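Encoded as structure tokens, the structure appears first; notes follow it.
Bear in mind the structure is a predicted one, so any value in this text is a computation, not a measurement.
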Protein chains: 2
Amino acid sequence: MAAGASSTASPLPAPRGGGAVVPRLPRAVLERFSLYLRELEALHARGVTTVSSQELGRTLGLTPAQVRKDLNAVGPLGARGVGYRVELVVGALRRAIGTDRTWTLALVGVGHLGSALVRHAGFREQGFYFTAIFDRLPELCGRSIDGLVVQHVDELVPTVRRLGIEIGIIAVPPEQAQPVAELLVAAGVKGILNFAPAALEVPPDVQVVNADLGFFLEQLTHHIVSMPRR
Amino acid sequence: MAAGASSTASPLPAPRGGGAVVPRLPRAVLERFSLYLRELEALHARGVTTVSSQELGRTLGLTPAQVRKDLNAVGPLGARGVGYRVELVVGALRRAIGTDRTWTLALVGVGHLGSALVRHAGFREQGFYFTAIFDRLPELCGRSIDGLVVQHVDELVPTVRRLGIEIGIIAVPPEQAQPVAELLVAAGVKGILNFAPAALEVPPDVQVVNADLGFFLEQLTHHIVSMPRR
DNA sequence: CATTGTGAACAGTTTCACAGCC
DNA sequence: GGCTGTGAAACTGTTCACAATG
């Protein structure tokens with residue numbers, strides 16, 4: 001699925017130059033925007049052109065009122081008595097999220113997780129392109145993964161800067177996460193996706209999203225041990 | 001780091017039989033609990049025995065008041081004028097999160113991401129043990145990854161049931177996520193960690209946590225394009 | 001006397017109900 | 001008639017200020 005999967009329907013409006021400043025969304029709304037986008041892209045691929053807040057809410061487990069409030073946050077997109085035009089909403093959501101354009105990625109840390117991320121096809125389909133990959137170990141440098149040659153981290157700053165890469169992905173052991181983050185910041189990235197279980201300190205104009213895998217399992221075990229029913 | 005890293009200090013209190021019902025925590029609090037736990041474990045490993053809400057808040061980027069309110073949610077753990085005893089709080093957080101015991105995992109989908117997860121050492125250190133792994137492709141079955149033999153999904157239900165596995169991890173393409181979820185439910189798992197970009201429908205007594213990787217990049221791009229500064 | 005625990009004020013989020021429009 | 005957009009109400013989570021206390 002995701003952006004790449006087309007079938008009966010015509011392709012979605014081509015990504016335009018993306019650059020307009022969009023208003024910051026509340027965290028809770030942003031999380032649901034990803035859900036909406038995913039589902040609407042699937043509907044579009046199936047040739048569906050229109051959907052109501054009720055239908056959309058039912059398949060995603062949300063109330064119709066919430067769907068309407070959420071979508072309304074990026075402007076009045078719906079038609080009363082009719083519903084929402086799928087194509088229109090997909091475009092508006094992409095603009096709000098920032099995926100109405102493509103992005104280039106630098107990976108640091110070519111371990112098990114790092115290599116899996118580079119090979120993960122879903123990223124490309126969503127418009128995210130790995131453009132340079134780095135590791136500290138000399139024996140990994142020169143090897144090629146999915147068409148990209150692993151470079152030594154010593155080359156990170158000049159390479160990332162030269163290629164204008166905007167997003168760095170950290171997949172190194174926790175002790176090395178902070179120094180790597182500082183290299184990425186020095187190289188001028190605008191955002192960092194951090195898979196290491198470590199709290200990064202970066203300047204306020206660099207955005208960080210943490211995706212520590214252990215954290216998801218902890219969420220799950222809490223839900224399990226705190227369940228009322230069973 | 002995580003639970004396994006010991007150094008100067010004595011090991012933390014051994015996991016006890018875990019089974020008491022704990023009160024459900026608000027999502028936001030639970031997220032911060034993982035942060036606190038990580039940081040407190042690191043402090044313990046460095047031999048620190050006591051910490052104030054101010055120090056803890058500073059290193060994690062939170063206000064002291066928030067730290068106190070959060071920790072107080074599992075009972076009065078601190079000593080006025082002194083601070084919090086690291087060891088005591090680690091124990092209380094683990095009980096609240098559910099990681100005061102070990103858990104067994106079943107992986108479904110031995111692609112790039114799936115194999116990386118199985119080999120990810122951090123899970124074991126946190127008390128999460130892969131116990132069975134499955135794939136649909138016959139050519140993968142019989143191969144062994146990190147000491148575990150890949151079984152065919154047809155054997156999922158009896159195997160997971162026989163081994164009493166409580167958590168299933170889905171790392172298959174999105175179209176197959178729902179059928180796999182249904183197998184895991186039939187096999188009696190209590191929770192599912194879902195890496196596929198698909199909204200799963202499961203009975204209310206089965207917990208689901210979604211960890212779609214594309215979603216994190218979308219969060220990041222929104223933060224970048226909606227930045228006030230720069 | 002430094003530091004927690006906590007009620008009360010504040011901010012953010014979700015739900016509700018219905019007016020407005022196609 | 002069906003469905004969106006939206007103010008107001010209800011709820012949840014965060015910040016503040018200070019009394020309580022080891």
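Base engagement by B:G81 is indicated by at least one non-hydrogen atom pair under 4.0 Å involving a base atom. Residue contacts for B:P64: at a heavy-atom cut-off of 4.0 Å it reaches no nucleic acid atom on any strand shown. Backbone-only engagement by A:L77 is indicated by non-hydrogen atom pairs under 4.0 Å involving sugar-phosphate atoms exclusively.
Straight-line distance from the CZ atom of A:F33 to the P atom of C:dT13: 13 Å, rounded to whole Å. Atom CG of A:L71 is separated from atom P of D:dT4 by 9 Å (rounded to the nearest Å). Rounded to an integer number of Å, the gap from CG of B:L30 to P of D:dT14 is 12 Å. Rounded to an integer number of Å, the gap from B:R85 CZ to D:dG22 C1' is 14 Å. Regarding A:R68, its CZ atom lies at a distance of 10 Å from the P atom of D:dC3, rounded to whole Å. Across the protein-nucleic acid pair, B:Q54 atom CD and C:dA2 atom P stand 11 Å apart, rounded to whole Å. Regarding B:D70, its CG atom lies at a distance of 10 Å from the C1' atom of D:dG13, rounded to whole Å. Separating the CD atom of B:E55 from the P atom of C:dT3 is a distance of 8 Å, rounded to the nearest angstrom.
Of all nucleotides listed (C:dG5, D:dG5, C:dC16), C:dC16 comes nearest to the side chain of A:A65.
For B:R32 and D:dT14, the shortest distance from a side-chain N or O to OP1 or OP2 is below 4.0 Å. Residue B:Y84 places at least one side-chain N or O closer than 4.0 Å to OP1 or OP2 of C:dG5. Within the structure, every side-chain polar atom (N or O) of B:S53 is placed at least 4.0 Å from both OP1 and OP2 of C:dT3. Contact check, A:N72 against D:dT4: no side-chain N or O comes under 4.0 Å of OP1 or OP2. Contact annotation: A:Q66 reaches the phosphate of C:dT15 (side-chain N/O to OP1 or OP2, under 4.0 Å).
A side-chain contact (heavy atoms from CB on, under 4.5 Å) with B:F134 is found for exactly one of B:V172, B:L156, B:V180, namely B:L156.
A salt bridge links B:R38 with A:D212: at least one charged nitrogen is closer than 4.0 Å to a carboxylate oxygen. Comment: A:R32 engages A:D70 in a salt bridge, judged by a side-chain N to carboxylate O separation of less than 4.0 angstrom. Looking at B:E41 and B:R94, a side-chain N of the basic residue comes within less than 4.0 Å of a carboxylate O on the acidic one, giving a salt bridge.
For B:K69 against D:dT15, a side-chain N or O and a base N or O form a donor-acceptor pair under 3.5 Å. Under 3.5 Å, the side chain of B:R80 and the base of D:dT21 form no donor-acceptor pair of N or O atoms.
In this structure, a donor-acceptor pair under 3.5 Å is present between the side chains of A:S52 and A:E55.
Heavy-atom nearest nucleotides on DNA chain C were determined for A:A28 and for B:V51, and the one closer to the 5' end corresponds to B:V51.
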